[in-house]
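Below is one structure, written out as structure tokens; comments come after it.
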Amino acid sequence: MPKPRSQQISLSDTPYYHILSRTVRKAFLCGVDEATGVNYEHRRDWIEARIFELSQVFSIDICAYAVMHNHLHLVLHVDTAQVDNWSTIELLSRWHQLYKGTHLTRKYQQQQTLNEYEREIVEDTSNIYKQRLMDISWFMRSLNEPIARQANKEDECRGHFWEGRFQSQALLDEGALLSCMAYVDLNPVRAAIAPTPEQSDFTSIQLRIKAAIKGTQPKALLPFVGNEQQDRITGICFSLQDYLTLVDETGRILREDKRGAINSETTAILNRLHISDESWLKLTTNFEGIFTGAAGSAEHLCAFTEHVGLQRAHGLANAKACLNSA
């Protein structure tokens with residue numbers, strides 16, 4: 001039986017989550033259906049555009065993503081501090097970009113006169129919207145529903161396009177976060193769809209590489225800020241260049257099937273993460289198999305398990321082997 005979201009998501013433990021959403025009825029999310037020859041490649045544009053649109057509305061950042069033939073990977077960061085700084089008018093403005101809201105919330109946004117009772121109702125409603133704008137379930141609902149409608153209209157059919165529930169994994173520490181991001185970014189290389197990360201269309205790694213060539217970082221993605229900035233700037237507390245090096249070197253190994261052939265520069269990066277070469281390759285090849293639930297060190301897994309009310313910590317042996325191994 002699937003776990004309730006309250007046992008999968010705990011913002012007091014981590015703001016980072018790996019999300020996986022799959023299609024049903026052999027529906028092709030994108031690419032070419034070999035059985036019919038129909039090309040669905042244009043749907044990648046729909047999804048990427050919608051992801052970026054939602055990241056500008058929700059208080060949820062995109063760390064990594066990969067749009068595959070019949071599934072979608074996301075690594076998300078929930079920014080609870082940002083949403084606390086939004087005024088009522090900004091909350092309503094953001095919500096109305098996606099949904100109609102109520103008659104009173106629209107009147108408030110249009111600065112029409114409201115009595116005291118109506119204003120109290122608006123404040124209560126805006127608090128509901130505030131919670132939704134940092135809710136991963138609402139983010140995925142806002143992503144999947146319009147894509148399903150577009151795809152069903154194009155396919156001239158009804159019914160479910162996506163599986164009923166998306167999968168969610170809490171990423172409890174830096175090692176889990178970066179290995180999961182690399183796992184997501186290397187999906188097309190691992191599936192032999194693209195020869196290199198920079199040629200992996202509709203992925204976060206391609207965006208990061210293109211921006212890095214110009215000396216910038218993509219505005220649509222949560223930036224890498226380096227370890228020295230971690231207390232002052234919202235972002236991934238790791239060096240962008242180190243991450244690109246990790247993904248590039250790992251992609252070469254996976255592509256050329258050279259197990260364990262990690263160079264000394266990459267090994268130094270992994271040492272800082274307390275991950276062995278062998279464990280890194282396992283994580284970036286089979287992250288979902290190694291961690292079927294929350295991912296992180298044994299210590300973080302135990303704390304998460306207690307906080308969400310689970311009976312026992314799942315994946316402790318793999319956590320000790322892969323994220324407590326260097």
(message) Looking at S239 and G226, would you say the former's side chain and the latter's main chain have a donor-acceptor pair under 3.5 Å?
(response) no
(message) So, taking the atom named CG in L323 and the one named CG in L283, what distance separates them when rounded to the nearest 0.5 Å?
(response) 5.5 Å
(message) Is the ring pair Y16/H77 parallel, tilted or perpendicular, if the boundaries are 30 and 60 degrees?
(response) tilted
(request) Output yes when R141 and D135 qualify as a salt bridge under the 4.0 Å nitrogen-oxygen rule, no when they do not. (result) no
(message) Under a 3.5 Å distance rule, please check whether T284 uses its side chain to pair with a backbone N or O of W280 as donor and acceptor.
(response) yes
(message) Between R43 and D155 (salt bridge meaning N to carboxylate O under 4.0 Å), is one present in this structure?
(response) yes
(message) How close do A298 and K320 get, counting heavy atoms only, and between which atoms?
(response) CB-CG, 3.8 Å
(request) Answer yes or no: is there a donor N or O on one side and an acceptor on the other, between the side chain of D242 and the main chain of F238, under 3.5 Å? (result) no
(message) Check E198 with K210, please: is the shortest side-chain N to carboxylate O separation under 4.0 Å?
(response) no
(request) Compare every heavy atom of S126 with every heavy atom of L91, then report the nearest pair and how far apart it is. (result) CD1-O, 3.9 Å
(request) Measure the shortest side-chain to side-chain distance between V189 and P195 over non-hydrogen atoms and say whether it is less than 4.5 angstrom. (result) no
(message) Around atom CD of Q111, are there more than 12 heavy atoms from other residues, nucleotides or ligands closer than 6.0 Å?
(response) no
(request) Take atom CZ of R106 as the centre, draw a 6.0 Å sphere, and report whether it contains more than 12 heavy atoms from other residues, nucleotides or ligands. (result) yes
(request) Check whether any side-chain heavy atom of N152 sits under 4.5 Å from a side-chain heavy atom of R158, and report yes or no. (result) no
(request) Would you tell me whether S276 and S279 have side-chain atoms, one donor and one acceptor, within less than 3.5 Å of each other? (result) yes
(request) Check the side chains of H69 and E41 for a donor-acceptor pair under 3.5 angstrom, ignoring hydrogens and angles. (result) no
(message) Main chain of D79, side chain of S59: is a donor-acceptor contact present, judged purely on distance under 3.5 Å?
(response) yes
(request) Could you check if a side-chain atom of Y17 sits within less than 4.5 angstrom of a side-chain atom of I9, using non-hydrogen atoms only? (result) yes
(request) Check the surroundings of atom CD in E299: do more than 12 heavy atoms from other residues, nucleotides or ligands lie under 6.0 Å from it? (result) no
(message) Using a 3.5 Å distance criterion without hydrogens, assess whether the side chain of N318 forms a donor-acceptor pair with backbone atoms of I290.
(response) yes
(request) Spell out, yes or no, whether M140 and L20 are grouped together once hydrophobic residues are joined by side-chain heavy atoms under 4.5 Å, including indirect joins. (result) no
(request) State the NE2-CG distance between H42 and D45, to the nearest 0.5 angstrom. (result) 9.0 Å
(message) Measuring only between side-chain heavy atoms, which start at C-beta, is R208 closer than 4.5 Å to F224?
(response) yes
(message) What I'd like to find out is whether the side chain of L207 reaches to under 4.5 Å of the side chain of F52, using heavy atoms alone.
(response) yes
(message) Check the orientation of Y183 and H18. Use parallel for under 30°, tilted for 30 to 60°, and perpendicular for over 60°.
(response) perpendicular
(message) Quick check for you: to the nearest 0.5 Å, what is the distance between I275 atom CD1 and L178 atom CG?
(response) 7.5 Å
(request) Assess the side chains of H96 and T105: does a donor N or O sit below 3.5 Å from an acceptor N or O? (result) yes
(request) Using a 4.5 Å cut-off on heavy atoms from C-beta on, say whether the side chain of I205 contacts that of Y65. (result) no
(request) Can you measure from CD (E174) to OG1 (T14) and round to the nearest 0.5 angstrom? (result) 11.5 Å
(request) Could you tell me how the ring of F287 sits relative to the ring of F291: parallel (under 30°), tilted (30 to 60°) or perpendicular (over 60°)? (result) tilted
(message) Nearest 0.5 angstrom please: T113 OG1 to E118 CD, how far?
(response) 9.5 Å
(message) Is it true that Q199 and T196 share a donor-acceptor pair across their side chains at a distance under 3.5 Å?
(response) yes
(message) What's the separation between atom CH2 in W46 and atom CG in L29, rounded to the nearest 0.5 Å?
(response) 9.5 Å
(request) Evaluate the side-chain proximity of S142 to Y99: yes if any heavy-atom separation is below 4.5 Å, no if none is. (result) yes
(message) Any heavy-atom pair between the side chains of L72 and M68 that's under 4.5 Å?
(response) no
(message) One pair to check against salt bridge (Lys or Arg N to Asp or Glu O under 4.0 Å): E48 and R44. What are the steps and the verdict?
(response) CA-CA 6 Å; E48 187 176 61; R44 295 183 184 235; over 6 Å; no
(request) Can you see which heavy atom on S55 is nearest to which on I62, and at what distance? (result) CB-CG1, 3.8 Å
(message) For W138 and W95, I'd like to know if the aromatic rings sit close, meaning centre-to-centre distance below 6.0 Å.
(response) yes
(message) Please report whether the ring centroid of F139 lies less than 6.0 Å from that of F58.
(response) yes
(message) Any carboxylate oxygen within less than 4.0 angstrom of a Lys/Arg side-chain nitrogen, looking at E90 and R94?
(response) yes
(request) Locate the shortest heavy-atom distance separating P223 from T234; write the atom from each residue and the value. (result) CG-O, 4.1 Å
(request) Cation-pi check, R22 to W162: give yes when NZ or CZ is under 6.0 Å from the six-membered ring centre and within 45° of the ring axis, no otherwise. (result) no
(request) Search all heavy atoms of S21 against all heavy atoms of N144 and return the closest pair with its distance. (result) OG-ND2, 3.1 Å
(request) Indicate yes or no: does R119 engage E116 in a salt bridge with an N to O separation below 4.0 Å. (result) no
(request) For L172 and G296, work out which heavy atoms get closest and say how close. (result) CB-CA, 4.2 Å
(request) Salt-bridge test for K153 and E156: reply yes if a basic N is under 4.0 Å from a carboxylate O, no otherwise. (result) no
(request) Look at atom CD of E145 and say whether more than 12 heavy atoms of other residues, nucleotides or ligands are closer to it than 6.0 Å. (result) yes
(message) Using the side chain to side chain contact (heavy atoms under 4.5 Å, CB included) definition, which of the options V184, D185, I19 pairs with H73?
(response) V184
